[in-house]
Amino acid sequence: MPGTCVVGLQWGDEAKGKIVDLLGDGFDLVVRYNGGANAGHTVVVNGKSFKLSLLPTGVIRPNVTSVIGNGVVVYPPRFIEEMESLAKGGIDLAGKLFVSDHAHVIFPYHMEEERVLESGTEGKIGTTGRGIGPCYQDKVGRRFAIRVGELLRPEHLRERLKFIVPHKNKVLAALSSSAKAFDADQLAAEYGAYADRLRPFVRDTALYLHDALKANKRFIFEAAQGSLLDVDHGTFPFVTSSSSLPSGIWGGTGVPAKFVHRIIGVVKAYTSRVGQGPFPTELDDGPDGLGERIRKIGREYGTVTGRPRRVGWLDAVAVRHTAALSGADEITIMLLDVLSGLPELKICTGYELDGERIGYFPSDAYLLERVKPVYETVPGWSEDITKARALSDLPAAARRYIDRVAELVGLKVSVVSVGPDREQTIMV
């Protein structure tokens, strides 16, 4: 059976988790291939919310095996915390969750490095402070990186930390006189205890996934963050530290691209982003403005950090760009219900850059921050649409909005979400 990838086409928080959860029963494995505990998913089942930042959304489905691939960076305390939270909700992960022994490990010194770098007045990226970037830096630099499999060998782990920690302490002290210093033996003991909890879940997931391919298992690949945060193709440098496009699947799991035959692009009915960086369609109109109204109705606060998200109109130029990069076959439109009650809506259909009209997306931040959005205004609707279960249940204006977005992006719409619960979904 073909593999499917669910990928966000904006700056993240598009409700990808709901799509993965909805599709879950049609697959045997859900595989996460990038990011870390900086990627929040909230899945609502029968009114009960499950908040995940590291574990794949597939863990909610009892008949699905979830895999954290080698392209993910793992913070063991968060892994254990989410596992225990799910256990309290009656979800047993024994034999249903595996983490790659080649995934890299986040340590407290990664978080401290990020804290120090983000505390300055210049050069801030607006990260989650979870140590994701510094961990990926160590991975690419190789010398100071530790992988999950190494946690399972206590003496080896202690030797590695005795080599790494003095270097980290020197770097941190040079960055800030108030930086915290770390003790290698203490970290070895702490992470050795985590290893005991992780051990049943750790395996060579690349081999496991290749065996699953031979057995004709059905895969769904779950991207963290959104395509506009991709380290290569996003709004650099205000991006994440991994590939959030489907191109990250091969390197992040070991599964070749030829096994991915369907790519679903997830689009919020408007746009949001967390952290620093240009945002052409942002509604920065104060505490009583339209932006704040959308933020409150859409509950636009980070799953991981709780930070208020920046919100704005849907940017069709950006979505068309990321849909092309992702090779998306279709799009889903999420949180459409949030726009109910607005007399008119705007869609960005182009940009002006230095007085010239352009129809492409300049992904370099220094260029994007100079563009001015060109809007098309369409009628809104006043009706509550949260009980709609078919397109015919929607007001005419809502259907026209969906059709216009599809036309501007150039892809069919396969799903429309009108609320957070599984049932609040229109399958087109």
Side-chain angles (χ1 to χ4, degrees), residues 6-11 13-16 18-19 226-228 263-273 279-283 290-291 293-294 297-298 300 311-352 357-361 368 371-419 424-428:
V6 174
V7 59
L9 298 184
Q10 295 160 305
W11 278 290
D13 309 306
E14 302 96 344
K16 297 182 292 296
K18 179 175 180 177
I19 296 300
S227 296
L228 290 174
I263 297 174
I264 302 172
V266 186
V267 181
K268 192 174 284 187
Y270 47 99
T271 309
S272 71
R273 78 169 298 173
F279 185 174
T281 66
E282 182 174 11
L283 287 164
L290 185 56
R293 174 180 172 173
I294 293 174
I297 296 174
E300 292 293 349
V311 299
W313 297 118
L314 190 143
D315 188 335
V317 181
V319 173
R320 190 164 58 243
H321 172 72
T322 53
L325 289 172
S326 300
D329 299 297
E330 62 202 76
I331 59 172
T332 70
I333 297 181
M334 315 300 287
L335 290 102
L336 185 66
D337 53 299
V338 174
L339 299 182
S340 295
L342 300 180
E344 63 179 27
L345 308 173
K346 293 183 179 181
I347 305 172
C348 175
T349 59
Y351 297 139
E352 285 187 1
R357 178 73 180 265
I358 62 172
Y360 64 90
F361 183 82
L368 189 63
V371 306
K372 295 181 179 180
V374 176
Y375 286 118
E376 177 180 308
T377 302
V378 298
W381 59 91
S382 59
E383 297 91 333
D384 176 7
I385 64 172
T386 57
K387 295 181 181 178
R389 298 296 179 266
L391 285 178
S392 58
D393 297 333
L394 293 173
R399 295 198 299 272
R400 285 196 295 269
Y401 184 76
I402 293 167
D403 290 343
R404 185 56 177 148
V405 172
E407 182 181 17
L408 288 168
V409 177
L411 292 172
K412 65 180 180 180
V413 174
S414 58
V415 177
V416 177
S417 177
V418 294
Q424 294 175 301
T425 308
I426 298 171
M427 309 301 288
V428 180

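Given the structure is predicted, the values throughout are model-derived calculations rather than measurements.
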For [X] against [Y], the heavy-atom pair lying closest together:
X	Y	result
Pro373	Pro280	CG-O, 3.4 Å
Gly298	Val338	CA-CG2, 3.6 Å
Val413	Ala406	CG2-CB, 3.8 Å

Hey, does [Y] have a side-chain heavy atom less than 4.5 Å from the side chain of [X]?
X	Y	result
Lys16	Met334	no
Val7	Ile263	yes
Val374	Glu352	yes
Leu342	Leu290	yes
Thr377	Leu345	no
Glu407	Asp403	no
Tyr401	Ile347	yes
Arg273	Asp13	no

Main-chain N/O of [Y] paired to [X] side chain as donor or acceptor, under 3.5 Å:
X	Y	value
Thr349	Tyr375	no
Thr322	Leu9	yes
Arg320	Gly410	no
Ser326	Ala323	no
Ser340	Glu383	yes

Exercise for review: I would like to know whether Trp11 and Ser272 meet side-chain contact (heavy atoms from CB on, under 4.5 Å); could you show each step before the answer?
Suggested key: CA-CA 7 Å; Trp11 278 290; Ser272 71; over 6 Å; no
Review point. Rounded to the nearest 0.5 Å, how far apart are CZ of Arg357 and NZ of Lys372?
Key: 14.0 Å
Review point. Yes or no on side-chain contact (heavy atoms from CB on, under 4.5 Å) for Tyr351 and Tyr360, after CA distance, side-chain angles and deciding distance?
Key: CA-CA 8 Å; Tyr351 297 139; Tyr360 64 90; over 6 Å; no
Revision key, fill the gap. Contacts satisfying ring-ring contact (aromatic ring centres under 6.0 Å, His included) that involve residues 319-347 (not counting sequence neighbours) are His321-Phe361
Check your understanding: When you look at Ile264 and Asp329, which way does the side-chain contact (heavy atoms from CB on, under 4.5 Å) test go after all the steps?
Key -> CA-CA 6 Å; Ile264 302 172; Asp329 299 297; over 6 Å; no
Check your understanding: Glu376 and Arg404: salt bridge (charged side-chain N to carboxylate O under 4.0 Å, His left out), yes or no, with the steps?
Key -> CA-CA 10 Å; Glu376 177 180 308; Arg404 185 56 177 148; 2.7 Å; yes
Check your understanding: Ile402 pairs by side chain to side chain contact (heavy atoms under 4.5 Å, CB included) with which of Ile426, Ile331, Val428, Leu336?
Key -> Leu336
Exercise for review: Decide yes or no on side-chain contact (heavy atoms from CB on, under 4.5 Å) for Thr271 and Trp313, but give the supporting numbers first.
Suggested key: CA-CA 6 Å; Thr271 309; Trp313 297 118; over 6 Å; no
Practice item. Would you please test Lys268 and Glu300 for salt bridge (charged side-chain N to carboxylate O under 4.0 Å, His left out) and show each step? Key: CA-CA 12 Å; Lys268 192 174 284 187; Glu300 292 293 349; 2.9 Å; yes
Practice item. Could you tell me whether the side chains of Lys18 and Thr425 share a donor-acceptor contact shorter than 3.5 Å? Key: yes
Review point. What do the steps show when you test Tyr270 against Asp315 for side-chain hydrogen bond (donor to acceptor under 3.5 Å, both in side chains), and what is the final call?
Key: CA-CA 8 Å; Tyr270 47 99; Asp315 188 335; over 6 Å; no
